[in-house]
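Written below as structure tokens is the structure these notes are about.
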Amino acid sequence: MGLIVQKYGGSSVADGERVKNVANRVTECYNAGNSVVVVVSAQGDTTDDLIAKAMELNENPSKREMDILMSSGEQISMSLLAIAIERLGFPVVSLTGWQAGVETTSAAGNARIKKIDTERLKRELDKKKIVIVAGFQGIDKYDNITTLGRGGSDTSAVALAAALHADKCEIYTDVDGVYTADPRIVKTAKKLDAITYDEMLELASLGANVLHNRSVEMAKKYNVKLEVKSSFERIDGTIVKAAIDVEKMLIRGVTRDNDVAKIALIGLADEPGVAFRVFSLLAKEGINVDVILQSIGRSNTKDISFTVTKGNMKRALEILEANKSELGANEIVHNDEMSKVSIVGAGMASNAGVASTMFEALFDAGINIHMISTSEIKVSVLIDQKDAEKAVIAIHDKFGI
Ligand code: ASP
Ligand code: MG
């Protein structure tokens, strides 16, 4: 018994049957004696469809109106779920983000939750109601409706769990947990019982695509116990928490991210301030740089290579070309047929040889490495995209996970 926040993703509420299924699961949790707050996403592809409708009318709509439009998807889900729960005879109320007290920054389309005024929520819970909250949205200090960025309902759920000091936050989705690799690529991939916040953060940002990155950051900050589980099957999912026994498993997972492009500046002057000039130009434009490699200087020149997302490549090239002579680059080259393949595991911090095992797997598979980057709990390599799936399988095999 306790306070449980459940979040159901778009595929879990995609149609009437699925909404009924969610209504059953929610009321079961309530019947077991829990206070239940439910966060919902928009049904199926609703958010994409709404965006497409707007684009038909205006290719450059204001972010304010887009936020109002996009937030409507979650309002449909929340009311339909409440209506289905009413039918089952339970006390229920649905609330929009602002009714639930979710206050955000004014960054339309990508707002961050500043605080949650839980008064209304608590009042409804005190009345023993099941409370359904629209995910992905809030309100800023000018009373404008905002949205939290694509996939943001996870963050709504974790923020509510933190604000209400919930005992647990369950994220229901169409997969039954977090796997050691994408099961569509690696047939032997296994579901993890548990994973740490830090590992999950690395996996989320590496393209594992299970949880919204910010939701994991927030869960870590407020120590919210998360469980990722299936809304269709009744089986345990994967728990995300602060620490787990790393002895058993050196590597928690292998991931692949195809959204990478490499840019290289050839023949830069080998003198102080060059890297600063290059990356400050990009930073000014808000372009995030990931892996960076600088070659050893030879005959007074050096090369700097780095990666950006594919969507940022064109803009980055334009900026660098425009400043080519000022930077003193002989040549600027790029390649957007690359992948970043990474291994993640808290266990590697205290175990030597993990990176070399990964490199050996790639060598055995005849795959060339273009760039390498490491952190305490992660090793990433940049390779040709055509080799990426083969690499993931070879590495997963090598570690015997
Ligand atoms: N409906 C929103 C989206 O598709 C938010 C979410 O699903 O979490 O991005
Ligand atoms: Mg999602």
Side-chain angles (χ1 to χ4, degrees), residues 1-9 13 19 22-41 71 74-105 111-148 152-172 212 214-227 240-241:
M1 258 171 38
L3 174 57
I4 313 281
V5 175
Q6 299 190 329
K7 182 256 169 179
Y8 292 91
V13 292
V19 172
V22 170
N24 284 329
R25 299 199 70 143
V26 168
T27 51
E28 259 169 47
C29 182
Y30 179 87
N31 261 343
N34 297 301
S35 299
V36 190
V37 174
V38 184
V39 175
V40 284
S41 293
S71 69
E74 273 67 16
Q75 291 194 43
I76 296 174
S77 302
M78 78 182 203
S79 47
L80 287 177
L81 180 58
I83 287 165
I85 291 175
E86 280 175 351
R87 172 81 176 79
L88 298 175
F90 289 83
V92 60
V93 61
S94 70
L95 302 173
T96 63
W98 71 265
Q99 287 175 317
V102 180
E103 293 169 28
T104 74
T105 62
R112 284 175 182 257
I113 297 176
K114 286 196 346 207
K115 79 176 230 266
I116 299 183
D117 177 354
T118 54
E119 200 210 300
R120 172 84 188 263
L121 286 163
K122 285 192 177 139
R123 227 189 312 137
E124 302 294 355
L125 289 170
D126 284 345
K127 286 189 244 166
K128 298 278 172 268
K129 287 199 182 165
I130 295 170
V131 183
I132 319 285
V133 182
F136 178 53
Q137 58 179 266
I139 195 158
D140 73 2
K141 64 176 177 208
Y142 308 108
D143 282 353
N144 285 313
I145 289 176
T146 52
T147 63
L148 307 179
S153 297
D154 294 339
T155 301
S156 306
V158 174
L160 285 165
L164 292 166
H165 305 288
D167 296 288
K168 200 173 166 198
C169 181
E170 300 172 342
I171 308 279
Y172 288 89
H212 196 226
R214 255 190 258 153
S215 72
V216 187
E217 278 165 18
M218 196 178 293
K220 180 181 173 189
K221 187 165 169 201
Y222 297 101
N223 206 13
V224 175
K225 190 170 160 200
L226 285 179
E227 181 173 359
V240 190
K241 56 185 184 177

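These numbers come from a predicted model, not from an experiment.
Applying the side chain to side chain contact (heavy atoms under 4.5 Å, CB included) test to A166 and every residue at least two apart in sequence or in another chain returns L3, V5, A161. With sequence neighbours excluded, the residues that form a side chain to side chain donor-acceptor pair (under 3.5 Å) with T104 are T146. By the salt bridge (charged side-chain N to carboxylate O under 4.0 Å, His left out) test, R87 pairs with no residue at all, sequence neighbours left out. By the salt bridge (charged side-chain N to carboxylate O under 4.0 Å, His left out) test, E86 is found to be paired with no residue, residues two or more places apart in sequence or in another chain being considered. By the salt bridge (charged side-chain N to carboxylate O under 4.0 Å, His left out) test, K141 pairs with no residue at all, sequence neighbours left out.
Side-chain contact between D167 and N34: absent, with no pair of heavy atoms (C-beta onward) separated by less than 4.5 Å. Contact annotation: the side chain of M78 never approaches that of L95 to less than 4.5 Å [non-hydrogen atoms, C-beta and beyond]. Side-chain contact between S156 and L148 is present, with heavy atoms from C-beta onward closer than 4.5 Å. Counting heavy atoms from C-beta on, the side chains of L80 and V13 never come closer than 4.5 Å. In this structure, the side chains of F90 and V92 stay at 4.5 Å or more apart for every pair of heavy atoms. Here the side chains of M218 and V224 are not in contact, with every heavy-atom distance at 4.5 Å or above. A 4.5 Å side-chain heavy-atom check between L121 and I116 finds at least one atom pair inside the cut-off. Considering only heavy atoms from C-beta on, E74 comes within 4.5 Å of S153 through its side chain.
Residue S35 holds its OG atom at 12.5 Å from CD of E124, rounded to the nearest 0.5 Å. Considering NZ of K122 and CG of L164, their distance stands at 6.5 Å, rounded to 0.5 Å. To the nearest 0.5 Å, atoms CG (D154) and CD1 (I171) are separated by 4.5 Å. Taken from CD1 in I76 to CG in L81, the straight-line distance is 13.5 Å, to the nearest 0.5 Å. S94 contributes atom OG, which lies 12.0 Å from atom CD1 of I130 (distance to the nearest 0.5 angstrom). Considering CD of Q99 and CZ of R120, their distance stands at 5.5 Å, rounded to 0.5 Å.
Sorted by first and then second residue, the salt bridge (Lys or Arg N to Asp or Glu O under 4.0 Å) pairs with a member in residues 96-105 read E103-K115; sequence neighbours excluded.
Between the side chain of T105 and the backbone N or O of R112, at least one donor-acceptor pair lies under 3.5 Å.
Between V19 and A84, the shortest heavy-atom contact is CG1-CB, 4.0 Å. In terms of heavy atoms, T27 sits closest to N24 at OG1-O, 3.0 Å. Taking every heavy atom of both residues into account, A159 and I113 meet most closely at CB-CD1, 3.6 Å. Taking every heavy atom of both residues into account, K7 and S41 meet most closely at CE-OG, 3.5 Å. Residues V158 and S215 approach most closely at CG1-O, 3.6 Å, considering heavy atoms.
Salt-bridge annotation for K220 and E217: absent, with no side-chain N of the basic residue lying under 4.0 Å from a carboxylate O of the acidic one.
The environment of NZ in K168 is crowded: more than 12 heavy-atom neighbours from other residues, nucleotides or ligands sit within 6.0 Å. Other residues, nucleotides and ligands place more than 12 heavy atoms under 6.0 Å from the NZ atom of K127.
Ring geometry for Y172 versus Y8: interplanar angle under 30°, hence parallel rather than tilted (30 to 60°).
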